[in-house]
Amino acid sequence: MPAASLSATPSRNPSQHFDVRPLDAALGAEVLGLDLSRPLNDADLARIHRAYLDHGLLILRDQRITPEQQIDFSRHFGTLQIHVLKQFLLANHPEVFIISNIVENGQPIGLGDAGKFWHSDLSYVELPSLGAMLLAQELPPEGGDTLFASQQLAYETLPAELRQRIDGKRAVHSYTARYADEVFKGVRRPTLTQAQLAAVKPVVHPVVRTHPETGRKGLFVNENFTTHILDLPEDESRQVLAELYAHSIKPEFIYRHQWQPNDMLFWDNRALIHLATGCPSHLRRRMHRTTIQGDVPV
Ligand code: SIN
């Protein structure tokens with residue numbers, strides 16, 4: 001998304017004073033002093049956008065904001081995507097998807113195992129997510145971390161032989177790739193209706209994508225949704241994917257986020273994959289996610 005396409009906000013609002021502090025890690029920056037409950041102007045948005053592209057993940061600290069404010073801020077970066085699991089959309093705000101292990105009156109209030117495997121959000125649709133924002137609502141006293149891995153660093157450090165094997169290759173992504181595993185393991189996952197299944201037909205994307213804004217190349221396969229690489233025998237596809245997955249999560253590409261109250265993370269799904277580590281089931285965790293539509297990966 002070119003900076004010029006960020007939806008305009010009146011520039012007459014005074015600029016906010018905030019700092020962007022890069023993390024001592026492969027990716028990510030902390031943003032301190034920004035208040036998303038107050039108006040932003042074009043210069044603020046341009047700074048946030050630049051930092052987002054430079055670091056792949058922004059940790060926006062201390063955001064005491066409403067669902068409407070999260071939605072409004074997310075919309076500056078593009079159209080919002082509505083998750084196929086309609087039962088976990090926030091009432092009156094379908095743009096907000098609830099990720100939670102909390103069960104109320106016998107019913108889960110959100111998707112409990114979201115992010116259990118490394119993934120890029122919505123890689124299983126034609127227009128995968130540009131990025132996502134995840135706002136902490138209720139955090140457990142222990143656990144519940146989220147890990148991010150740079151797929152651009154992963155690609156840049158790929159052994160030449162493996163890089164050659166995936167050159168020009170395309171892979172199939174499917175929302176249901178792991179669904180059966182999870183059901184068999186007794187994880188609380190809702191059965192998909194015919195309409196939901198029809199909305200998530202498998203799609204094909206390049207194994208390596210070029211970031212539409214920075215031009216950097218990165219791996220674009222993930223263990224959650226990628227089923228196989230096209231034009232390779234099944235065994236070879238499985239073996240290549242296994243090698244890519246093992247390489248893509250080397251410790252030097254990873255940042256581990258330990259959540260603080262009112263953190264909101266904004267990450268680039270075109271450059272990173274992520275994983276939720278989960279927390280003990282007797283502890284409560286609730287997060288609100290907005291997901292921004294990206295473009296066709298090339
Ligand atoms: C996600 O995969 O979007 C959820 C990550 C998390 O809950 O930490």
Side-chain angles (χ1 to χ4, degrees), residues 27-28 52 56-61 63 67 70-71 74 77 80-85 88-90 94-103 108-125 128-151 173-179 181-182 187-190 200 220-226 245 248-249 254-281 283-294:
L27 59 102
Y52 171 71
L57 167 73
L58 297 182
I59 303 161
L60 308 163
R61 296 284 192 202
Q63 299 303 327
Q70 180 176 353
I71 292 167
S74 305
F77 300 89
L80 300 192
Q81 294 171 296
I82 310 294
H83 200 279
V84 64
L85 295 179
F88 299 142
L89 304 178
L90 186 66
E95 301 86 353
V96 174
F97 182 57
I98 304 171
I99 292 175
S100 180
N101 64 347
I102 300 171
V103 177
I109 64 163
L111 186 62
D113 63 344
K116 188 177 160 72
F117 299 100
W118 286 98
H119 67 286
S120 168
D121 294 309
L122 277 68
S123 78
Y124 52 83
V125 297
S129 159
L130 170 152
M133 302 201 191
L134 191 65
L135 178 64
Q137 299 284 306
E138 192 170 348
L139 293 172
E142 62 177 90
D145 298 351
T146 311
L147 273 58
F148 294 87
S150 165
Q151 295 311 281
H173 295 238
S174 167
Y175 181 63
T176 55
R178 291 235 172 214
Y179 228 76
D181 302 6
E182 312 233 8
V187 172
R188 202 183 262 271
R189 274 234 147 182
V200 289
F220 196 64
V221 284
N222 65 79
E223 62 171 7
N224 199 340
F225 302 126
T226 308
Y245 297 157
S248 69
I249 54 166
I254 293 181
Y255 162 69
R256 181 182 194 112
H257 186 67
Q258 293 177 304
W259 291 82
Q260 294 180 18
N262 306 308
D263 274 354
M264 184 163 84
L265 300 193
F266 177 23
W267 64 82
D268 191 336
N269 275 308
R270 302 161 300 180
L272 312 179
I273 51 174
H274 59 283
L275 175 86
T277 59
C279 68
S281 57
L283 301 176
R284 293 166 62 97
R285 183 176 189 265
R286 176 182 171 134
M287 322 293 275
H288 281 179
R289 192 178 85 190
T290 42
T291 314
I292 304 149
Q293 181 174 287

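Numbers for residues simply follow the sequence, beginning at 1. Just follow the structure's listing: the first ligand is 1, and inside any ligand the first atom is 1. Just so it is clear, the structure is predicted and the values come from calculations on it, not from any experiment. Side-chain atoms are counted along with the backbone in the values below, which use heavy atoms only and exclude waters and symmetry mates.
- For ligand 1, the polar-atom distance check finds an N/O of H274 within less than 3.5 Å of one of the ligand's N/O atoms.
- For ligand 1, the polar-atom distance check against D145 finds no nitrogen or oxygen pair separated by under 3.5 Å.
- A heavy-atom separation below 4.0 Å is found between R285 and ligand 1.
- The closest protein non-hydrogen atom to atom 3 (O) of ligand 1 is R289 NH1, 2.9 Å.
- For the side-chain contact (heavy atoms from CB on, under 4.5 Å) with Y175, the lone residue among V125, N224, V84 that qualifies is V84.
- The minimum heavy-atom distance linking Q70 with M133 is given by the pair NE2-O, 3.3 Å.
- With a heavy-atom cut-off of 4.0 Å, L275 does not touch ligand 1 at all.
- Closest approach of F88 and L111 over heavy atoms only: CD1-N, 3.5 Å.
- The single protein non-hydrogen atom nearest to atom 4 (C) of ligand 1 is I99 CD1, 3.6 Å, given as residue, atom name and distance.
- Distances below 4.0 Å separate heavy atoms of G115 from the following atoms of ligand 1: 2 (O).
- For the side-chain contact (heavy atoms from CB on, under 4.5 Å) criterion with R256, the lone passing option out of T146, L275, T277 is T277.
- Close approach to T146 involves these atoms of ligand 1, each under 4.0 Å from a residue heavy atom: 6 (C), 8 (O).
- Taking a cut-off of under 4.0 Å to the non-hydrogen atoms of D121, the atoms of ligand 1 that pass are 3 (O).
- Put simply, the side chain of W267 reaches to within 4.5 Å of the side chain of H274, judged on heavy atoms.
- Close approach to A276 involves these atoms of ligand 1, each under 4.0 Å from a residue heavy atom: 5 (C), 6 (C), 7 (O), 8 (O).
- Taking the centre of each ring, Y124 and H173 stay at or above the 6.0 Å mark.
- At a threshold of 4.5 Å between non-hydrogen side-chain atoms, the residues I292 and L80 count as touching.
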